[in-house]
Amino acid sequence: MAERFELAKDYTISRVINGCWQLSEGHSLQTKLDMQDVMKAFHMLAERGFTTFDCADIYTGTEELLGEFLTELKEGSTLSPHDIQIHTKYVPDINLLSEVDYNYTEKIIDRSLKRQKRDVLDLVQFHWWDYNVPGYVETAGDLLKLKEKGKIRNIAVTNFDTKHLREIVDAGIPVVSCQNQYSVFDRRPERELIDYCKSKGISLLCYGTLSGGLLAEKWIGQTSIQPETRSHVKYFQVIEDTLGWDGYQELLVLLQRIAKKHSVKVSQIATKYILSGQGVGASIIGVRNSRHVESNTKIFAFELDRTDIEEIKQFLDNYPIVDGEPFELERTVDSKYRDIMKMNLNEK
Ligand SMILES: NC(=O)c1ccc[n+]([C@@H]2O[C@H](COP(=O)([O-])OP(=O)(O)OC[C@H]3O[C@@H](n4cnc5c(N)ncnc54)[C@H](OP(=O)(O)O)[C@@H]3O)[C@@H](O)[C@H]2O)c1
């Protein structure tokens with residue numbers, strides 16, 4: 001069974017969260033997903049203790065899909081909708097940031113409630129595309145009002161850097177978690193964010209753990225990739241700026257050696273390494289089918305030893321870390337990291 005973690009008082013989650021970006025429109029560049037198989041994967045995961053799901057108001061169709069999943073649970077399962085935690089996001093469009101006010105925020109939260117068929121949202125992760133547009137502290141305050149009104153159980157942020165998260169925390173917003181990219185390729189949170197979060201009791205929920213599936217045996221010995229998903233595009237950029245192709249190949253070989261020692265797979269070593277990090281509450285792993293469910297249960301069937309962790313860390317220390325704070329390049333005009341972002345999906 002998946003390990004659990006108390007993210008906030010009386011609120012526990014699975015330490016691997018099922019990510020749903022992969023299920024939104026346009027994420028798969030080549031194949032069409034089999035949604036019956038996806039629903040089967042949701043049931044299999046929940047039965048194995050992976051009861052927490054990550055979606056967003058901007059991941060088209062995913063909140064509704066999770067709402068359907070809850071209905072299926074009601075109609076006949078050992079689990080009930082109350083056994084499931086749904087983490088959504090509030091991501092106002094960049095074009096609308098200057099117009100965001102309490103009424104707008106409440107409208108989007110009500111839409112998420114309706115889509116998910118819930119009376120209260122378990123966790124809302126707030127995102128703000130442009131710090132130069134004022135309003136993020138006030139909007140976080142509006143989320144607190146909606147929490148007090150009973151529409152939101154827990155408030156969180158996503159893709160915030162240390163400075164701006166601090167502003168929100170200093171304004172008295174009870175942030176329980178911070179969802180950011182953190183993986184063997186992208187170690188920007190190690191600069192400052194992790195220590196800050198630890199000092200405030202805020203847990204890191206990490207994406208990019210498997211880098212869209214690039215952390216798997218099947219890539220060993222390959223000389224290039226043909227991106228099949230938007231995740232591949234995104235994480236390939238990170239590899240280019242950190243390990244490079246040769247370093248990536250060497251890392252895969254190292255992870256495979258450690259994986260063989262524990263009779264598991266490269267993906268499980270990559271996940272366990274991030275889960276062993278200080279301040280990390282959970283890793284988010286994207287779901288596209290039922291193929292990886294059994295394999296992912298192995299994450300909790302072994303432990304990395306100190307020497308494994310040190311060996312991976314020492315290897316990574318030979319390579320550069322992506323510049324800046326978490327999500328800084330993604331916010332920088334003309335950066336390749338920003339160029340692949342879609343910043344106006346909420347009103348679509
Ligand atoms: N806040 C944000 O801005 C943000 C950004 C990105 C992601 N996220 C969240 O994080 C989630 C994860 O997204 P991600 O892009 O970081 O992808 P990821 O979790 O690193 O990779 C997911 C892919 O890994 C492969 N995989 C899964 N289990 C595996 C296993 N046991 N062995 C080998 N491969 C395995 C699958 O690919 P195949 O099906 O192709 O094999 C799957 O589609 C998203 O769904 C979303 O919820 C949030």
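Computed from heavy atoms alone, side chains included, the values below leave out hydrogens, waters and symmetry copies. Heads up: numbering here begins at 1 and tracks the sequence. Ligands are counted one by one from 1 in listed order, and the atoms in each one are counted from 1 as well.
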If you measure from the Lys or Arg side-chain nitrogens to the Asp or Glu carboxylate oxygens, is any gap between D142 and K149 under 4.0 Å? no
Under the ring-ring contact (aromatic ring centres under 6.0 Å, His included) rule, what do Y131 and Y136 come out as? Steps first, then yes or no, please. CA-CA 7 Å; Y131 298 133; Y136 48 90; 5.6 Å; yes
Checking F327 against Y337 for the ring-ring contact (aromatic ring centres under 6.0 Å, His included) test, could you report, in this order, the C-alpha distance in whole Å, the side-chain angles of both residues, the deciding distance, and whether it holds? CA-CA 9 Å; F327 218 73; Y337 290 78; 9.6 Å; no
Cation-pi check, K89 to F126: give yes when NZ or CZ is under 6.0 Å from the six-membered ring centre and within 45° of the ring axis, no otherwise. no
Please set out all donor-acceptor pairs under 3.5 angstrom arising from side-chain atoms of residues 64-71, sequence neighbours excluded.
residue: E64; atom: OE2; partner: R115; partner atom: NE; Å: 3.3
residue: T71; atom: OG1; partner: G67; partner atom: O; Å: 3.1

Protein residues near ligand 1, heavy-atom distance below 4.0 Å? G19, C20, W21, Q22, D54, Y59, K89, T158, N159, Q179, Y207, G208, T209, L210, S211, G212, G213, S231, Y235, S267, I284, I285, G286, R288, N289, R291, H292, S295, N296
Just wondering, more than 12 heavy atoms not from K265 lying within 6.0 Å of its NZ? no
